[in-house]
Peer 1: 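Please read through the structure below; I'll follow up with questions.
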Amino acid sequence: MNESPNIARIAALIGDPARALMLQALMSGRALTASELAAVAGIAKATASSHLAQLVSGGLIVARAEGRHKYLSLAGPEVAAVLENLMVLAAGQGTVRAVNVGPRDPALRQARHCYNHLAGSRGVQAYDSLAARGAFDHGPQGMGLTPAGAAIFTALGLDPAHLTAASTPLCRDCLDWSERRHHLSGRLGRALLAHILAIGWAKPVPASRALQFSSAGSAAFDRAFPHNLTAFVLDAPALSP
């Protein structure tokens, strides 16, 4: 008797073109209605409802009612991670030039939602800058935050000790679709993106996964996560736009 997990069912759910488009739309981290998802997939609302019911049954999305409306969202970061990795694989199919990967839209390549954390070149910049300063360790329990990393985030106004405990790891590396390098996910990645939006460094682009940084926000981000690490000063007011 084969007791392995039934990956074929999950693969079949994702593999339908209409369902795949709707799942990718939910990668923005925002909950959407069946009508909105039907428009994304280019199908009738009744057809979309049937597809969405299958995704709910398969545990890939969840539905919640708010007043007269029902909103759909991804079931969790594990689903988002699978979709992001599939996009990485799909981007390499049928292409000869390795540089032609990820989205063509420059805004999406620079900064975007990856479910609930920052992706694109900005996300990779933050991860690389943190890693170069010894913010992460990798042990038997997976990826963790070092005391040096905790100090960096505390200086940025995000105390990791105050993040609500949950089943999601505190920090996790996520392979970036366009950059093919890692960005930060987990509770810390989610908190970082929420903080960036709350203080106005960046704002979501309507009807897109893209995030638009202001000129002041971009400069502040570069101070907080410098490419040139010798320019970094830990106690500088990095979160002041």
Side-chain angles (χ1 to χ4, degrees), residues 1-66 68-95 100-105 108-109 112-120 123 142 166-169 172-180 182-187 189-190 193 204 207-210:
M1 180 178 178
N2 185 359
E3 297 182 354
S4 299
N6 186 3
I7 64 173
R9 180 177 180 235
I10 299 299
L13 285 171
I14 298 174
D16 178 87
R19 291 195 291 266
L21 286 171
M22 291 189 285
L23 288 169
Q24 289 180 71
L26 293 173
M27 285 287 286
S28 68
R30 296 188 290 268
L32 300 174
T33 65
S35 295
E36 291 168 331
L37 290 168
V40 166
I43 56 179
K45 183 178 177 181
T47 305
S49 295
S50 175
H51 283 304
L52 292 169
Q54 293 178 63
L55 292 172
V56 170
S57 176
L60 295 180
I61 65 173
V62 292
R64 71 173 188 273
E66 295 286 347
R68 295 180 300 169
H69 299 285
K70 182 182 289 186
Y71 292 91
L72 294 306
S73 58
L74 294 183
E78 293 80 8
V79 178
V82 169
L83 295 173
E84 184 81 1
N85 285 326
L86 284 173
M87 285 189 284
V88 170
L89 289 173
Q93 297 297 315
T95 181
N100 291 337
V101 296
R104 295 180 180 179
D105 184 351
L108 282 171
R109 297 185 72 89
R112 64 180 182 274
H113 284 275
C114 179
Y115 183 49
N116 56 13
H117 53 271
L118 178 64
S167 57
T168 306
R172 175 186 286 171
D173 50 19
C174 181
L175 184 62
D176 195 277
W177 167 33
S178 54
E179 297 295 309
R180 302 302 177 92
H182 288 119
H183 58 244
L184 180 65
S185 64
R187 299 200 311 278
R190 180 171 67 246
L193 175 57
S208 173
R209 291 174 59 193

Peer 1: Test of understanding: with side-chain hydrogen bond (donor to acceptor under 3.5 Å, both in side chains), list the residues that count as partners of S57, not counting sequence neighbours.
Peer 2: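 With neighbours one apart ignored, the set is R9.
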
Peer 1: Once rounded to the nearest 0.5 Å, what's the spacing between atom SG of C174 and atom CG of L118?
Peer 2: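 CG of L118 is found 11.0 Å from SG of C174.
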
Peer 1: Which heavy atom of S49 sits nearest a heavy atom of A34, and at what distance?
Peer 2: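 S49 and A34 have their closest heavy atoms at OG-CB, 4.4 Å.
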
Peer 1: So do the side chains of V62 and L72 get within less than 4.5 Å of each other, counting heavy atoms only?
Peer 2: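 Side chain of V62 against side chain of L72, heavy atoms only: no contact under 4.5 Å found.
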
Peer 1: Report the distance from atom NE2 of H113 to atom CE of M27, rounding to the nearest 0.5 Å.
Peer 2: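 These two atoms lie 11.5 Å from each other.
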
Peer 1: For L193 and N116, run side chain to side chain contact (heavy atoms under 4.5 Å, CB included): C-alpha distance rounded to whole Å, both residues' side-chain angles, the deciding distance at 0.1 Å, then the answer.
Peer 2: CA-CA 7 Å; L193 175 57; N116 56 13; 5.7 Å; no

Peer 1: Determine the minimum heavy-atom distance between S208 and L108, stating which atoms define it.
Peer 2: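 Here S208 and L108 meet closest at OG-CD2, 4.0 Å.
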
Peer 1: Pick from R187, R190, H183: which one makes a side chain to side chain donor-acceptor pair (under 3.5 Å) with H117?
Peer 2: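 Among R187, R190, H183, the one that satisfies the side chain to side chain donor-acceptor pair (under 3.5 Å) with H117 is H183.
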
Peer 1: Checking S185 against D173 for the side chain to side chain contact (heavy atoms under 4.5 Å, CB included) test, could you report, in this order, the C-alpha distance in whole Å, the side-chain angles of both residues, the deciding distance, and whether it holds?
Peer 2: CA-CA 6 Å; S185 64; D173 50 19; over 6 Å; no

Peer 1: Pair L23, I14 - check side chain to side chain contact (heavy atoms under 4.5 Å, CB included), show working.
Peer 2: CA-CA 8 Å; L23 288 169; I14 298 174; 4.0 Å; yes

Peer 1: Under the salt bridge (charged side-chain N to carboxylate O under 4.0 Å, His left out) test, which residues partner R209, sequence neighbours left out?
Peer 2: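 With neighbours one apart ignored, the set is E84.
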
Peer 1: First locate atom CG of D176, then atom SG of C114, and finally report the distance between them rounded to the nearest 0.5 Å.
Peer 2: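 Going from the CG atom of D176 to the SG atom of C114 covers 7.5 Å.
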
Peer 1: Does a side chain donor of either R112 or S178 reach within less than 3.5 Å of an acceptor in the other side chain?
Peer 2: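 Their side chains do contain a donor-acceptor pair, which is all the 3.5 Å distance test asks for.
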
Peer 1: Under the side chain to side chain contact (heavy atoms under 4.5 Å, CB included) rule, what do L37 and H51 come out as? Steps first, then yes or no, please.
Peer 2: CA-CA 10 Å; L37 290 168; H51 283 304; over 6 Å; no

Peer 1: Can you tell me how far the CG atom of L52 sits from the NZ atom of K70, to the nearest 0.5 Å?
Peer 2: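 So the CG of L52 and the NZ of K70 are separated by 9.5 Å.
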
Peer 1: So which of L74, L26, L60 actually passes side-chain contact (heavy atoms from CB on, under 4.5 Å) with L83?
Peer 2: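 So, applying the side-chain contact (heavy atoms from CB on, under 4.5 Å) to L83 and each of L74, L26, L60, only L74 qualifies.
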
Peer 1: Which distance, rounded to the nearest 0.5 Å, do you find between the CG of L32 and the OG of S73?
Peer 2: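 The CG atom of L32 sits 9.0 Å away from the OG atom of S73.
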
Peer 1: Nearest heavy-atom pair of R180 and V88: which atoms, and what distance?
Peer 2: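 Closest approach of R180 to V88, heavy atoms only: NH2-O, 3.1 Å.
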
Peer 1: Just verifying a value: how many Å separate Y71 OH and R64 CZ, rounded to the nearest 0.5 Å?
Peer 2: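 With rounding to 0.5 Å, OH (Y71) is 8.5 Å from CZ (R64).
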
Peer 1: For T33, what residues pass the side-chain hydrogen bond (donor to acceptor under 3.5 Å, both in side chains) criterion, not counting sequence neighbours?
Peer 2: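 Per chain and number, T33 pairs via side-chain hydrogen bond (donor to acceptor under 3.5 Å, both in side chains) with E36.
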
Peer 1: Kindly give the heavy-atom pair with the smallest separation between I10 and G58, and that separation in Å.
Peer 2: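 Distance-wise, the nearest heavy atoms are CD1-O, 3.7 Å.
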
Peer 1: What's the shortest heavy-atom distance between R19 and Q54, and which atoms?
Peer 2: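 Smallest heavy-atom distance, with atoms named: NH1-OE1, 3.4 Å.
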
